[in-house]
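Some notes on the structure that comes next.
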2 protein chains.
Amino acid sequence: MNVQLNNFTCKKTAIFDSTLCLIKEHGFHGTPMSLIAKNANVAAGTIYHYFESKDALIKALYIYVKDGLADTIPLENNILSYKDLFIQYWVDQCEYFIAHENALYFLEQYLTSPYRNSNPEIESKLFLTRIVPFFQKGIDSGHIRKMDYQLLMPVIHGSIVAAAKYHLSGHYEFTKEKLRETALIIWDGIKKQPTTITTHPII
Amino acid sequence: MNVQLNNFTCKKTAIFDSTLCLIKEHGFHGTPMSLIAKNANVAAGTIYHYFESKDALIKALYIYVKDGLADTIPLENNILSYKDLFIQYWVDQCEYFIAHENALYFLEQYLTSPYRNSNPEIESKLFLTRIVPFFQKGIDSGHIRKMDYQLLMPVIHGSIVAAAKYHLSGHYEFTKEKLRETALIIWDGIKKQPTTITTHPII
DNA sequence: TGCAACCGAATGAACGTTCAATTAAACAAT
DNA sequence: ATTGTTTAATTGAACGTTCATTCGGTTGCA
């Protein structure tokens, strides 16, 4: 039974990984099922044993990739300050994308494609139970400026993805230090704004 | 000649707009040339009078859309402060995307597709001559914190696009005031950080 | 008369999907 | 252990459809 499970997982993940790799290179529709099959060392028909259609494969792949992101969510603890938790979240997620280029490009393509509209997010369990409360708590506890937490999402996620893509494009190398620096920019924007004494010229 | 030019422009832009509209709805490859033609009220063959191939059409469309963005770049003047220029830039660009949903989704799809890699950006003239100097000047003059200006790009552009998409998704209505508020978050992040007196609890 | 714009049916290649056939695994009975 | 039986996994050639592109012909303006 172990063997059976391994075989099962093996072929299925081979198909996933093959698809992920090809989609990054050639896009959704630039990757025919035949190529996916060849790249995964399975026959074309085999794919249809695991997935009803190409669409179903893409949808399942989305879940597969999102699950991989789960690990980047830092557990709350009493050691790190809220700010440091945020920085860690931002940097970890960005590093994950940099390390999993295929996943990033697939996700970006998926989220900007019409697939998204036709498939209400099924997997947001993770998002709803971990991420939303994390930021909501930040607002409630006074660490983040008072605002609809939904206003935060585009800013934070957008910056993470953009930075990862920027790094991967080769235009700029984000060292860990640079990543933290960028995360800090975002943090300085969303944190509760202190009373300020400006030190730069007033126009 | 004017009439000829008009006819020319008319069919060509009809094809552009038809493509833009269909791509938003069905994606790159979900939009066959035949549909583009029908939607633009031209014959399938006509498209090939203006564009060598579907690929060429997509590339030309990219330029077409980017040119439309040109108007959102605020001219520098002596009335607005640098900060206000930035806010205006951010809000204008975001409003443009909200008003031109098709353009936004096309751009997002294009930039996340393999097209981008196979076609080094031709059109960055605008980008290089207007936007880069604007931000470089902000850094040099001490309005923006000292950092590689290239670090700024992902943060700023990412937040603009993400906010526009968020609004368009219907999750949240960005009034002009909310847009300014969001732009201010970004500004508070990138501006030269003042000496601070924190007013929230220190952990 | 010539030339550019325009048409739309025809073409052929590419692709997603099916299916009849084959192999491998799991289980039951002896 | 061996055999027979059932079920699952796998194959790849074949099918039918879709789609980008072509091309011979038509229109209308200079």
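Letters A, B, ... mirror the listed sequences (proteins, then strands); counts begin at 1.
- For the pair B/Leu35 CG and D/dC19 C1', the computed distance is 11 Å after rounding to whole Å.
- The aromatic rings of A/Trp187 and A/Phe86 sit tilted, their planes meeting at an angle between 30° and 60°.
- Atom CZ of B/Phe51 is separated from atom P of C/dA5 by 13 Å (rounded to the nearest Å).
- Residue B/Thr46 places at least one side-chain N or O closer than 4.0 Å to OP1 or OP2 of C/dC7.
- A straight line from CG of B/Asp55 to P of D/dC19 spans 16 Å, rounded to a whole angstrom.
- Nucleotide C/dC15 holds its P atom 11 Å from the NZ atom of A/Lys38, rounded to whole Å.
- Spacing between atom NE2 of A/His29 and atom C1' of D/dT17 amounts to 17 Å, rounded to whole angstrom units.
- Judged by closest nucleotide on DNA chain C, B/Gly45 is the one of A/Phe28 and B/Gly45 placed further toward the 5' end.
- In this entry the distance linking CD1 of B/Ile36 with P of D/dT18 reads 17 Å, nearest Å.
- Judged by distance alone, the side chains of A/Trp90 and A/Ser159 do bring a donor and an acceptor atom under 3.5 Å apart.
- Counting only heavy atoms from C-beta outward, the side chains of B/Ile58 and B/Gln109 never approach each other to under 4.5 Å.
- Across D/dT21, D/dT10, D/dC19, the shortest atom-to-atom separation from the side chain of A/Tyr50 is found for D/dT10.
- For B/His49, no side-chain nitrogen or oxygen approaches OP1 or OP2 of C/dC6 to under 4.0 Å.
- Note on ring orientation: taking the six-membered ring where Trp is involved, the planes of B/Tyr110 and B/Tyr62 are parallel (angle under 30°, cut-offs 30° and 60°).
- Of the candidates D/dT21, C/dG16, D/dT11, D/dT11 carries the atom nearest the A/Val42 side chain, counting heavy atoms from C-beta on.
- Ring geometry for B/Tyr64 versus B/Phe16: interplanar angle under 30°, hence parallel rather than tilted (30 to 60°).
- Within the 4.0 Å cut-off from OP1 or OP2 of C/dC7, at least one side-chain nitrogen or oxygen of B/Lys11 is found.
- Rounded to an integer number of Å, the gap from B/Ile47 CD1 to D/dT22 C1' is 14 Å.
- Straight-line distance from the CE atom of B/Met33 to the P atom of C/dC7: 14 Å, rounded to whole Å.
- Considering only side-chain N and O atoms, A/Tyr48 lies nowhere under 4.0 angstrom from the phosphate OP1 or OP2 of D/dA9.
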